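Just so you know, these numbers come straight off a predicted model, no measurement behind them.
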Amino acid sequence: MPELPEVEVVRAGLAPAVRGARVASVTVFDARSLRRHPGPSEDFVERMTGRTLQSAVRRGKFLWFPLSLRGPEPEALVAHLGMSGQVLLRDRQADDALTRIRLDLDHPELGPLRLNFVDQRIFGSMAIDALLPTADGFSGGFGGAGLLGAPAAVAGAGAGAGAVAGAGTEAIAGAGEAEATGEAEGAAEALAAAADNTFAAVIPSQVAHIARDPLDPAFDDALFFRRLAARKTGIKRALLDQTLISGIGNIYADEALWAARLHYDQSTAGLSRPRARLLLAEIRSVLRRALGEGGTSFDAQYVNVNGASGYFSHSLNAYGQHGNACPRCGRAIVRERFMNRGSHFCVFCQRLR
DNA sequence: CGTTGGCCCTGATCGC
DNA sequence: TGCGATCAGGGCCAAC
């Protein structure tokens with residue numbers, strides 16, 4: 001369900017609450033939500049209890065929370081919301097329906113807190129995972145140690161406790177302008193940084209295969225265009241492939257394709273470079289606008305950490321608009337089944353060529 | 001190898 | 001009111 005903007009809203013909301021918070025207790029209500037944890041529930045509970053969460057980091061739709069060291073290997077709590085996951089930040093008494101995992105936290109300034117991991121369909125998960133050096137030497141994701149592996153002391157200045165969502169969304173909105181320069185750090189240096197709790201250039205092993213997202217300053221545009229051109233598939237399938245570009249799901253794929261006037265099954269190989277550039281620009285545009293609106297909510301299925309909805313559903317041009325007029329040309333938006341999902345597009349503006 | 005179909009799951013909603 | 005069918009924003013893996 002949640003795509004990049006929704007997951008970023010959750011990350012930004014959680015960051016001030018988890019930074020420096022100690023895990024007082026863990027309750028696993030449904031072990032299926034630990035499908036990706038390499039061990040039984042008891043192992044998860046034991047290894048989480050007493051640890052301190054260092055920060056909240058995101059790449060694409062994956063979230064992770066670097067943990068205080070216990071043993072030689074740096075680790076993080078990894079969370080993926082799947083189709084229906086939520087992380088709700090509550091007080092210690094709060095109960096939420098469909099809570100699968102609960103973390104009770106003690107925060108040095110905010111006091112006792114409760115994180116309820118709620119997930120109707122159980123496609124989401126939590127897991128403890130090893131942090132490994134990133135392949136390109138840049139920061140593993142957004143929100144960890146700031147831009148390009150800068151020391152946490154510097155990066156943390158703009159995202160201290162209390163900064164809440166504003167800092168995160170602001171910083172990411174300008175992320176596209178940053179240049180990915182500098183030499184890749186060595187693995188040893190990255191691990192040293194991790195041990196020093198900066199967690200600059202590390203990523204959970206489960207997330208290592210996920211491509212950088214288009215709002216990541218280290219996203220390599222030229223590499224994306226090359227890999228896109230090498231694909232022999234339809235453009236929407238490519239956009240949904242998280243190993244090519246991450247963070248895009250069904251909603252924002254349909255929205256970006258509408259904006260770029262591309263049919264969902266347009267072949268990637270036949271895309272001109274200018275068209276691909278336009279598409280990437282529209283992807284960034286729609287993701288940033290959605291982030292500014294707090295994400296897309298259709299019902300209570302997606303909410304921020306406080307249970308509030310986002311407003312971007314009012315700004316959708318294509319997704320879910322079948323039967324309505326195309327805002328650009330006035331003809332009908334239609335919906336077709338594709339990849340076991342709905343694809344929404346304008347038959348006039350987005351023709352297969 | 002890259003690509004693709006099938007599958008994992010539950011609960012809300014809708015139509016009969 | 002009851003009940004079955006349908007639908008949902010994602011990712012993984014086996015099979016081509």
Q: Looking at A/R237, I'd like to know whether one of its side-chain N or O atoms comes within less than 4.0 Å of OP1 or OP2 on C/dG10.
A: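 For A/R237, the contact criterion (side-chain N or O under 4.0 Å from OP1 or OP2 of C/dG10) is not met.
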Q: For the P atoms, the ones on B/dA12 and on C/dG11, what distance do you get once it is rounded to whole angstrom?
A: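 23 Å, rounded to whole Å.
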Q: Can you tell me which nucleotide in C/dG10, C/dC7, B/dT3 comes closest to the side chain of A/K61?
A: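 When the side chain of A/K61 is considered, C/dG10 is the closest of C/dG10, C/dC7, B/dT3.
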Q: For a quick check of understanding: with a heavy-atom distance under 4.0 Å over all strands, which category does A/L240 fall into, base, sugar-phosphate or nothing?
A: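 Result for A/L240 = nothing.
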Q: How would you label the contact of A/Y252 with the nucleic acid (heavy atoms, under 4.0 Å): base, sugar-phosphate, or nothing?
A: nothing
Q: Indicate yes or no: does A/R102 engage A/D96 in a salt bridge with an N to O separation below 4.0 Å.
A: no
Q: What class does the angle between the rings of A/F62 and A/H209 fall in, given that below 30° is parallel, 30 to 60° is tilted and above 60° is perpendicular?
A: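 Correct class here is perpendicular.
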Q: Using a 4.0 Å heavy-atom cut-off, does A/R227 contact any base of the nucleic acid, only the sugar-phosphate backbone, or nothing at all?
A: nothing
Q: Describe the nucleic acid contact of A/D119 in one word from base, sugar-phosphate, nothing, applying a heavy-atom distance below 4.0 Å.
A: nothing
Q: Hey, is A/Y302 stacking on C/dG9? Ring centres under 5.5 Å, planes under 30°.
A: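 Aromatic stack with C/dG9 absent for A/Y302.
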Q: Can you find a side chain N or O atom of A/R121 that sits less than 4.0 Å from OP1 or OP2 on B/dC8?
A: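 So the side chain of A/R121 is outside the cut-off, no N or O lying under 4.0 Å from OP1 or OP2 of B/dC8.
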Q: If you check the A/L98 side chain, which of C/dC12, C/dG9, B/dG11 turns out closest?
A: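 So the side chain of A/L98 is nearest to B/dG11.
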Q: Out of B/dT10, C/dG9, C/dG11, which has the shortest distance to the side chain of A/R100?
A: B/dT10
Q: What is the separation between atom NE2 on A/H344 and atom C1' on C/dA8, rounded to the nearest whole Å?
A: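 In whole Å, C/dA8 C1' and A/H344 NE2 are 11 Å from each other.
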Q: Where each residue is assigned the nucleotide of DNA chain C containing its nearest heavy atom, which of A/H209 and A/Q120 is assigned the position nearer the 5′ end?
A: A/Q120
Q: Using purine N1 to pyrimidine N3 plus N6-O4 or O6-N4 for Watson-Crick, or N1-O2 and O6-N3 for G-U wobble, both under 3.5 Å, which nucleotide pairs with C/dG2?
A: B/dC16
Q: Side chain of A/N340 only, heavy atoms from C-beta on: which candidate in B/dG6, B/dT10, C/dG10 is closest?
A: B/dG6
Q: Between B/dT10, B/dT4, B/dT3, which one does the side chain of A/R32 approach most closely?
A: B/dT10
Q: For A/H37 and A/F44, take the angle between the two ring planes, folded into 0 to 90°, and tell me which bin it lands in: parallel under 30, tilted 30 to 60, perpendicular over 60.
A: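 Perpendicular, since the angle between the ring planes exceeds 60°.
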Q: Would you please say whether a donor-acceptor pair under 3.5 Å links the side chains of A/Y252 and A/E6?
A: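 Yes - a donor-acceptor pair under 3.5 Å links their side chains.
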Q: Taking the side chain of A/K232 as heavy atoms from C-beta outward, which of C/dG9, C/dG11, B/dT3 is closest to it?
A: B/dT3
Q: A/R35 has a side chain; which of C/dG9, C/dG11, B/dC8 sits nearest to it?
A: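 Of all the options, the side chain of A/R35 is nearest to B/dC8.
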Q: Establish, yes or no, whether a centroid distance under 6.0 Å links the rings of A/F298 and A/Y319.
A: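 Yes, the ring of A/F298 comes within the 6.0 Å limit of the ring of A/Y319, centre to centre.
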Q: Choosing from B/dC9, C/dG9, C/dA8, which nucleotide comes nearest the side chain of A/F123?
A: B/dC9
